[in-house]
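Working notes, structure below.
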Amino acid sequence: MVSVRDDRGAEVTELALPETVTTPDQAEEELRAAGWARSAQWSTTDDGWTAPVVAV
C-alpha cells in the first residue's frame with residue numbers, strides 16, 4: 001500500500017500495490033501510473049519507504 005500525503009502530512013490518496021511490488025523502484029512505477037512523480041530520493045522508514053512526490 002502507498003499513502004500519498006500533502007506537505008502537512010494529510011492523506012491525499014492511498015494506492016493498493018500488487019503483491020509483486022517489493023522495491024521502491026517498482027512502487028515508483030505504480031506512482032507514475034497513478035499520476036505522481038517522486039521529487040527526491042527514497043528513504044527507509046520503520047514500515048517501508050518514503051519519498052516526496054508531486055502531481056504530474
Side-chain angles (χ1 to χ4, degrees):
M1 192 66 77
V2 171
S3 296
V4 177
R5 300 179 182 275
D6 66 17
D7 59 347
R8 295 169 298 192
E11 188 170 291
V12 175
T13 189
E14 193 168 77
L15 306 172
L17 298 177
E19 289 184 24
T20 56
V21 173
T22 58
T23 68
D25 290 337
Q26 292 170 329
E28 190 169 342
E29 291 173 13
E30 297 291 327
L31 277 171
R32 270 192 243 127
W36 300 93
R38 183 174 53 86
S39 62
Q41 295 299 316
W42 289 101
S43 56
T44 304
T45 64
D46 289 342
D47 58 352
W49 310 288
T50 187
V53 297
V54 293
V56 290

TODO: Mind running side-chain contact (heavy atoms from CB on, under 4.5 Å) on V21 and E30 for me, showing each step along the way?
DONE: CA-CA 9 Å; V21 173; E30 297 291 327; 4.2 Å; yes

Open item on the list: According to salt bridge (Lys or Arg N to Asp or Glu O under 4.0 Å), does anything in residues 31-44 pair up with another residue at least two apart or in another chain? List the pairs.
Closed with: E28-R32, E28-R38

Open item on the list: Rounded at 0.5 Å granularity, tell me how far CG in L15 sits from CE in M1.
Closed with: 8.5 Å

Under the rule for side-chain contact (heavy atoms from CB on, under 4.5 Å), what residues qualify as partners of [X], not counting sequence neighbours?
{"X": "D7", "value": "none"}
{"X": "V53", "value": "V4, L31, W36"}
{"X": "T45", "value": "D47, T50"}
{"X": "T44", "value": "W49"}

Open item on the list: Surrounding CD of Q41 (heavy atoms of other residues, nucleotides or ligands, distance under 6.0 Å), is the total greater than 12?
Closed with: no

Task: Residue pair A51 / A40: nearest heavy atoms and the distance that separates them - done: CB-O, 4.1 Å

Open item on the list: Applying side chain to side chain donor-acceptor pair (under 3.5 Å), can you list everything that pairs with E19, at least two apart in sequence or on another chain?
Closed with: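 With neighbours one apart ignored, the set is empty.
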
TODO: For the pair Q26 (side chain) and T23 (backbone), establish whether a donor and an acceptor sit closer than 3.5 Å, ignoring hydrogens and angles.
DONE: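 Confirmed, Q26 side chain pairs with T23 backbone.
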
